[in-house]
Amino acid sequence: MILTVNSLSFKYSGSCKTVLKDVSFSVEKGEYIAILGANGSGKSTLLRCIAGLLPVDRNNSNPKEQTIKMNTKKEEHTVPTAVVFQSPDDQLVAETAELDAAFGPENTAVPYEEMHNRVNEALSLFLPDTAKNEWIKNLSSGQKQHLALAGAYTLHPEILLLDEPSSMLSEKARSSLLNFLDRAKSAGKTILHITHDIDEAKRADRVIILNDGVLVFDGGTDQFLQLSRETLTEWALFYPEKKLPEGQEAFSGEESGGKGNILQCKGISAGPLQDISFEAGQGDIIAVTGESGSGKTLLLQIIAGLKKTERGEVIIAEGKTCALAVQEPETGLFEEFTADDVAFGLENAGIEGSELKEKVKEAMDKAGLPFDKFADRKTFSLSGGEKRKAAVAGIIALESDIVLLDDPFSALDIRSRGEMRELLQNLSAQGKVVIFSASRKEEHEFACKTINLSDKKNPCEFDGVNISNGKEKTQVKKLFADMPPVMKFLFSIAGTAASLILSGWKFLLVLEAFFFILSLVSGYSTKKLFRAVLRILPWLIIICVIQYFIFNGFEEAGTFIVRFLCLLTILSVFVFITPPSEISCGAEDLLKPLILFKIPVRHISFLISLVFRFIPSLYDEADKITTARKIRTSGINKKTKKNKIKETAALIVPLILRTLTKAEKLSLAATARYYSAGKHTRYLKWKTRKKHIFFLVFVIAFSAILIYGSYIWK
């Protein structure tokens, strides 16, 4: 046996619910096991316990001995397990494709040459049409999931643990993933694959089913296929077709827009979208399909008014409203408790008391998230499928005329997918326009019209061309691009010290001019620098006014402004020329002498890089929360100063919660990829050149001369 799980029970801290209840099974080497079960049945928790990401002794009330034993070979530069999570954003830790694929081998001290071979092999296998140095933020969801698989592949694990890796993939990307799993199985890899797809489960040797934390079935694939429909229905693995609501047939023809156009899209072009036109009338259900990166999410965002078109227009009938449930449900949830989150839009509309509770209950029940069970559950404790239902509940509670849903079937179990389909049909029967994106044919067969974006001549399709999503990629100029990170640190430290020590605004102005020239030399956008100054300009003015009254003059205030600009410019240039991975390497080299005092230098350097990684992500998270609030308050709130202040203040708590959650996931991802303070290698190497030494000496000498002059010639 390569793996034995014995009497495993688990309960999350602060929760009274036992997620896993006395689960026991064993795995033979080379077995391919599919793990099935309803949303919230404990599948992901089981995988994380096996991977060592969660403690197995959390539930002390279980009288039996709880163990997870592995009988894997302890070969050099291999690992027992590698995990691929449901959401790729939960496990990608670097800034480019090749650096992320290399993160695991670095942590397991794979030699330099072998590490590069593994990374090249993995990227050619999973991302053959993407440049190695492509920034992760520019990748589509499908590409990110393939990169997550590449990261697991480079670890050379004996057991591959997959948590619904195909849930966000298109048909083509999913087929590529399944072909890889077939090859891995043929090569003797042991695979544990969580899935909600029966066809995927059929490819396995064996099926394990969890129901409310209990292992209810463990047998061969043939035995699984012989289970009765009644049993499968009980375990949320089958959903019987139900009769459509009366009158539904009136809204299920090939033609759309026949009952008075509520929505018209005329020649929409933006990014990958090219000349998209269609109309939607009362009761229409329209599916938007296409490969990853074809623009499905972008089209829905444009209709919702969240993105602008380059050409074309969206016309919504007068008096009609529109709401969007986003693709990543976590970005649409921002209240602590589920019922409060669903109620947000209704409260902003002035609904309160018993009417509010009734509407929230109705929306949650319709979305398949029973109010009585989930009202007081914390939103961030919900499973992936449950979060999706909560996000949908918050949208349908608004009772908008146009309901937009981005990939609403993703991560849902079979019963929940059936309930979601019925919900969309019921909304259609009420006369609403329903437009949703879908990845698979079976998810959109019931729609009255399908818009396939991959039918267009699309330069951003997944097959064959690197996707940029229209994002500009600025290159660092050569002097700084090949400079060792530790020298970038020393250069920025010298500049920062000069900014703080210099006396007098005239000398500081000379230093700022020098830094501005360096920003041009590095390739840093002057527009970005000016925008950064404009963001904080009101605060600078306030501080200057205070200083004017304290020091009775403008000189101190002027000195403060120029000093601040010097610091802002040098730090902006440093962050621009030094990506987070290089920041980690540079800090580690700089602090290396501290190892003699047994100080965990790698932990400190990794933490420093995370700080720089998190600063821009805070802006992204704030933008996502603001967007979610905008979706839920569209057409409700007037843009008064009072509301703007209230909205800004309301960002604080959800932003803190989202940041903490993101930090926790990043920590989990690093642990899953064997990060530690111990022995490790580096994927990147730098060579110190004469020009780098000359530049550093020049910056230090120039700063020293300015400092000396500022105190001599006051």
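These numbers come from a predicted model, not from an experiment.
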Using a distance-only test with no angle check, is there a side-chain donor-acceptor pair under 3.5 angstrom linking K432 and S400? no
Under the salt bridge (charged side-chain N to carboxylate O under 4.0 Å, His left out) rule, what do R417 and D413 come out as? Steps first, then yes or no, please. CA-CA 6 Å; R417 290 207 296 265; D413 58 50; over 6 Å; no
All salt bridge (charged side-chain N to carboxylate O under 4.0 Å, His left out) counterparts of D218, not counting sequence neighbours: R206
My understanding is that only residues two or more places apart in sequence, or in another chain, count here; which of them pass side chain to side chain donor-acceptor pair (under 3.5 Å) with E445? none
Between N211 and S41, is there a side-chain donor-acceptor contact under 3.5 Å, judged purely by atom types and distance? no
Under a 3.5 Å threshold, yes or no: a donor from one side chain and an acceptor from the other, between T190 and Y32? no
What I want to find out is whether K296 reaches D406 closely enough, with some N-O distance under 4.0 Å, to be called a salt bridge. no
Tell me every residue that passes salt bridge (charged side-chain N to carboxylate O under 4.0 Å, His left out) with D222, counting only those two or more places apart in sequence or in another chain. none
Those residues at least two apart in sequence (or on a different chain) that pass side chain to side chain contact (heavy atoms under 4.5 Å, CB included) with E28 are M1, E31
Sequence neighbours left out, what passes ring-ring contact (aromatic ring centres under 6.0 Å, His included) with Y675? Give chain and number order. H603, F606
Using 4.0 Å as the upper bound for N to carboxylate O, is an ion pair formed by R673 and D100? yes
Looking at S410, is its backbone amide N or carbonyl O close enough to the side chain of R388 to form a donor-acceptor pair, meaning the two atoms are under 3.5 Å apart? yes
Considering residues at least two apart in sequence or located in another chain, which fulfil the side chain to side chain contact (heavy atoms under 4.5 Å, CB included) criterion with E355? I351, K359
For D163, give me all partners under salt bridge (charged side-chain N to carboxylate O under 4.0 Å, His left out), at least two apart in sequence or on another chain. none
Could you tell me which residues satisfy side chain to side chain contact (heavy atoms under 4.5 Å, CB included) with I451, sequence neighbours excluded, listed by chain and number? F278, I286, L453
Might you work through the salt bridge (charged side-chain N to carboxylate O under 4.0 Å, His left out) test for K189 and E158, ending with a clear yes or no? CA-CA 6 Å; K189 285 287 183 186; E158 290 207 50; over 6 Å; no
Does any N or O in the side chain of E422 come within less than 3.5 Å of the main-chain N or O of G418, such that one atom is a donor and the other an acceptor? no
Show, in sequence, the C-alpha distance, side-chain angles and deciding distance for D89 and K144, and conclude whether the salt bridge (charged side-chain N to carboxylate O under 4.0 Å, His left out) test is met. CA-CA 7 Å; D89 287 325; K144 287 179 181 178; 3.2 Å; yes
Could you work out, with salt bridge (charged side-chain N to carboxylate O under 4.0 Å, His left out) as the rule, every residue matching K185, not counting sequence neighbours? D205
Working to the nearest 0.5 Å, report the span between NZ of K43 and CG of L20. 11.0 Å
State which residues pass side chain to side chain contact (heavy atoms under 4.5 Å, CB included) with E200; sequence neighbours excluded, sorted by chain then number. S166, R174, L178, H193, T195, D197, R440
I'd like to know whether R203 forms a side chain to side chain contact (heavy atoms under 4.5 Å, CB included) with L181, so could you lay out the CA-CA distance, the side-chain angles of the two residues, the decisive distance to 0.1 Å, and finally the verdict. CA-CA 9 Å; R203 306 167 84 102; L181 293 181; over 6 Å; no
Would E419 and K366 pass as an ion pair if we require N to O under 4.0 Å? no
Start with the C-alpha gap between L232 and F217, add the side-chain angles, then the distance that decides, and say whether side chain to side chain contact (heavy atoms under 4.5 Å, CB included) holds. CA-CA 11 Å; L232 292 174; F217 178 85; over 6 Å; no
Taking only residues two or more places apart in sequence, or in another chain, which ones meet F436 in a ring-ring contact (aromatic ring centres under 6.0 Å, His included)? F409, F446
Can you sort out the partners of H196 under side chain to side chain donor-acceptor pair (under 3.5 Å), two or more places apart, ordered by chain and number? N39, E164
